[in-house]
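Note sheet for the following structure.
Counting begins at 1 with the first residue of the sequence.
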Amino acid sequence: MKLRSKVGWMTWLTLTTLPLGQAAFALSALPDKPPIPAGNPMTPEKVELGKQLFFDPRLSVDGTLSCNTCHNVMSSGTDNRTVSVGVKGQLGGRSAPTVWNAAFLTVQFWDGRAPNLEEQAKGPMLNPVEMGLTHADMAVQRIGAIPGYRDQFTQVFGGAQPVTYDNIAKAIAAYERTLITPNSAFDRFVKGDKNALSAQAQQGMRWVKELGCTGCHSGPNFSGPAEMPIGEGNFQKFPVFTGSVYDTKYKLRDDLGRYEVTKKAEDINTWRVPTWRNVALTAPYFHNGSVETLDEAVRVMAKTQLNLDLNNKQVTAIVAFLNSLTGEFPPQTLPRLPDTPNTTVIGLR
């Protein structure tokens with residue numbers, strides 16, 4: 001008998017005893033709204049300000065990159081590269097995760113080092129390989145020097161000095177909480193439309209439960225239990241079963257993962273569980289972007305996490321199910337950014 005993880009067996013025992021329709025309802029549709037922290041309430045004005053900042057390359061040291069450069073909301077919320085390219089052509093160390101539905105993640109970044117979207121938004125601006133600002137005050141100086149932004153920050157946040165690094169991050173996070181993709185075929189299925197999923201996708205849904213995949217990819221975002229609070233991460237070892245050909249082929253163990261944050265031996269090669277939502281659109285796969293196709297990613301996960309070798313029929317069905325998790329993307333329009341008449345802020349270094 002092939003091995004399954006303990007969590008995988010628990011999932012199998014609780015879900016495969018149900019008829020297919022009932023088993024589907026053990027998983028839930030994506031909520032219409034994500035959790036919103038009390039310390040950062042959303043308003044239309046704050047969301048619009050955050051959208052402008054998300055698209056503004058002046059938050060990078062040389063004016064070449066915005067948040068949207070690596071997290072393209074006009075598409076998959078990623079840049080679909082193995083690793084992203086930062087300022088001065090520098091290559092990052094990890095693949096950019098999608099920003100779509102990131103508001104449902106309980107921690108941010110592959111290694112979970114940020115407890116929420118606000119803290120995540122602060123990271124890339126000051127990362128020397130990513131956006132390259134040398135200190136937080138540099139962002140504050142630039143944004144504060146733009147008349148239109150000064151007026152908007154005063155309107156949204158008030159106070160004597162409304163342009164702060166915290167408020168920049170709060171505005172970006174507010175915008176990111178609007179990036180929700182509901183009404184996928186799977187969502188329609190669990191809400192009662194039994195024709196929303198093909199027979200093949202339904203078989204794939206049964207396979208991911210029977211094999212144990214939903215032991216980690218659970219909840220409405222398929223990234224962890226719905227009841228897990230923001231700031232508490234759903235972390236898993238990857239790979240669990242070492243020694244397969246995939247370890248070396250895709251360099252799965254080269255990056256130590258969460259260990260780089262905690263320096264705890266038990267966190268070596270441990271990662272935040274990524275969402276399955278829109279996974280069909282976010283290739284290449286895994287933290288290092290090493291796997292080009294979803295079919296191969298399914299095979300890698302089965303072998304490294306469950307010690308299973310899937311056949312072609314199983315892989316095809318699972319991929320069909322994963323494709324059913326592609327949701328509806330709310331239209332995005334490029335914002336008009338505040339101008340700097342007769343001068344530039346890029347020279348403020």
Side-chain angles (χ1 to χ4, degrees), residues 30 34 47-105 108-110 114 117-127 129-133 139 168-169 171-184 221-223 272 274-294 297 322-323 325-338:
L30 194 71
V47 168
E48 180 59 27
L49 173 59
K51 181 180 181 180
Q52 289 172 289
L53 294 167
F54 188 89
F55 279 90
D56 201 328
R58 291 171 293 190
L59 283 173
S60 66
V61 67
D62 55 6
T64 58
L65 277 79
S66 69
C67 302
N68 191 68
T69 302
C70 299
H71 304 281
N72 187 358
V73 298
M74 299 301 182
S75 182
S76 64
T78 75
D79 55 10
N80 294 112
R81 299 178 61 97
T82 299
V83 295
S84 296
V85 179
V87 293
K88 302 176 183 177
Q90 299 177 93
L91 294 179
R94 293 172 183 165
S95 183
T98 182
V99 71
W100 288 106
N101 302 310
F104 292 107
L105 298 173
Q108 303 294 324
F109 294 113
W110 281 102
L117 286 173
E118 285 78 7
E119 291 303 309
Q120 186 279 328
K122 295 177 181 179
M125 287 184 279
L126 300 185
N127 188 308
V129 177
E130 296 182 45
M131 299 174 80
L133 297 182
I168 291 172
I172 293 173
Y175 167 62
E176 289 179 335
R177 291 191 174 98
T178 70
L179 301 176
I180 308 301
T181 62
N183 206 36
S184 68
N221 200 36
F222 292 89
S223 59
R272 170 187 55 76
T275 179
W276 275 353
R277 293 281 174 177
N278 307 311
V279 68
L281 308 181
T282 59
Y285 298 103
F286 306 136
H287 58 276
N288 58 4
S290 59
V291 175
E292 185 173 352
T293 69
L294 188 54
L322 294 175
N323 271 267
L325 299 178
T326 300
E328 294 180 354
F329 291 80
Q332 301 296 305
T333 56
L334 290 172
R336 175 74 187 180
L337 303 181

inquiry  = My understanding is that only residues two or more places apart in sequence, or in another chain, count here; which of them pass ring pair (Phe, Tyr, Trp, His ring centres under 6.0 Å) with Phe109?
reply    = none
ask   = For the atom pair CE (Met125) and CG (Leu59), what is the distance rounded to the nearest 0.5 Å?
value = 5.5 Å
query = Nearest 0.5 Å, what's the CG-CG distance between Leu105 and Leu117?
reply = 8.0 Å
query = Distance-only, no hydrogens or angles: does the Thr98 side chain make a donor-acceptor pair with backbone N or O of Ser76 under 3.5 Å?
reply = yes
request  = For Gln332 and Pro330, indicate whether the former's side chain and the latter's backbone hold a donor-acceptor pair under 3.5 Å.
outcome  = yes
message = Within this structure, what is the NZ-CD1 distance for the pair Lys51 and Ile172, rounded to the nearest 0.5 Å?
response = 14.0 Å
message = Do Arg58 and Leu337 have side chains that approach each other closer than 4.5 Å (heavy atoms only, starting at C-beta)?
response = yes
task = Mind checking ring pair (Phe, Tyr, Trp, His ring centres under 6.0 Å) for Trp110 and listing every partner two or more places apart, or none if nothing turns up?
result = none
Verdict with supporting geometry, Val279 and Leu325, side-chain contact (heavy atoms from CB on, under 4.5 Å) = CA-CA 7 Å; Val279 68; Leu325 299 178; 5.5 Å; no
Counting only pairs under 3.5 Å, give me each side-chain donor-acceptor contact of residues 82-89, with atom names and distances, residues two or more places apart or in other chains.
from: Ser84; atom 1: OG; to: Asp79; atom 2: OD2; distance (Å): 2.6

task = Keeping to residues at least two apart or across chains, list the salt bridge (charged side-chain N to carboxylate O under 4.0 Å, His left out) pairs with something in residues 66-78.
result = none
inquiry  = For Leu53 and Tyr175: C-alpha separation, side-chain torsions, deciding distance, then whether side-chain contact (heavy atoms from CB on, under 4.5 Å) applies.
reply    = CA-CA 9 Å; Leu53 294 167; Tyr175 167 62; over 6 Å; no
task = Verify the neighbour count for atom CD of Gln90: are there more than 12 heavy atoms of other residues, nucleotides or ligands below 6.0 Å?
result = yes
inquiry  = Would you compute the distance between atom CZ of Arg272 and atom NE2 of His287 and round it to the nearest 0.5 angstrom?
reply    = 12.5 Å
request  = Could you go through the side-chain contact (heavy atoms from CB on, under 4.5 Å) check for Glu130 and Leu65 one step at a time?
outcome  = CA-CA 8 Å; Glu130 296 182 45; Leu65 277 79; 6.0 Å; no
inquiry  = Restricting to non-hydrogen atoms, name the atom on Ser95 and the atom on Gly289 that form the minimum distance, rounded to 0.1 Å.
reply    = CB-N, 3.7 Å
message = Tell me the closest heavy-atom pair linking Leu281 and Thr326, and the distance in Å.
response = CD1-CG2, 3.8 Å
Point-to-point distance, once rounded to the nearest 0.5 Å, from SG of Cys67 to CD of Gln120 = 7.5 Å
task = Could you tell me which residues satisfy side-chain contact (heavy atoms from CB on, under 4.5 Å) with Ile180, sequence neighbours excluded, listed by chain and number?
result = Leu30, Pro34, Asn101, Ala103, Phe104, Pro182
task = Let me see the working for Ser66 and Asn68 under side-chain hydrogen bond (donor to acceptor under 3.5 Å, both in side chains), right down to the final yes or no.
result = CA-CA 5 Å; Ser66 69; Asn68 191 68; 5.1 Å; no
query = Once you round to the nearest 0.5 Å, how far does CG of Leu322 lie from CH2 of Trp276?
reply = 6.0 Å
request  = Check for a donor-acceptor pair, side chain of Asn221 on one end and backbone N or O of Arg277 on the other, with a separation under 3.5 Å.
outcome  = no
ask   = Does Glu48 pair with Arg336 as a salt bridge, N-O distance under 4.0 Å?
value = no
Donor-acceptor under 3.5 Å (Lys122 side chain, Ala114 main chain) = no
Qualifying ring pair (Phe, Tyr, Trp, His ring centres under 6.0 Å) pairs with a residue from residues 62-102, counting only residues at least two apart or across chains = Trp100-Phe329
key: Shortest non-hydrogen contact between Pro97 and Thr78, atoms and distance   = C-CG2, 3.9 Å
message = Let's go through Leu179 and Val73 carefully: what are the C-alpha distance in whole Å and the side-chain angles of both, what is the deciding distance for side-chain contact (heavy atoms from CB on, under 4.5 Å) to 0.1 Å, and is it a yes or a no?
response = CA-CA 8 Å; Leu179 301 176; Val73 298; 3.7 Å; yes
request  = Could you tell me whether the side chains of Asp62 and Thr64 share a donor-acceptor contact shorter than 3.5 Å?
outcome  = yes
inquiry  = Tell me if a side-chain donor or acceptor on Gln108 pairs with a main-chain N or O of Ala102 at a distance below 3.5 Å.
reply    = yes
query = If you take all heavy atoms of Ala283 and Asn80, which pair is closest and at what distance?
reply = O-ND2, 2.7 Å
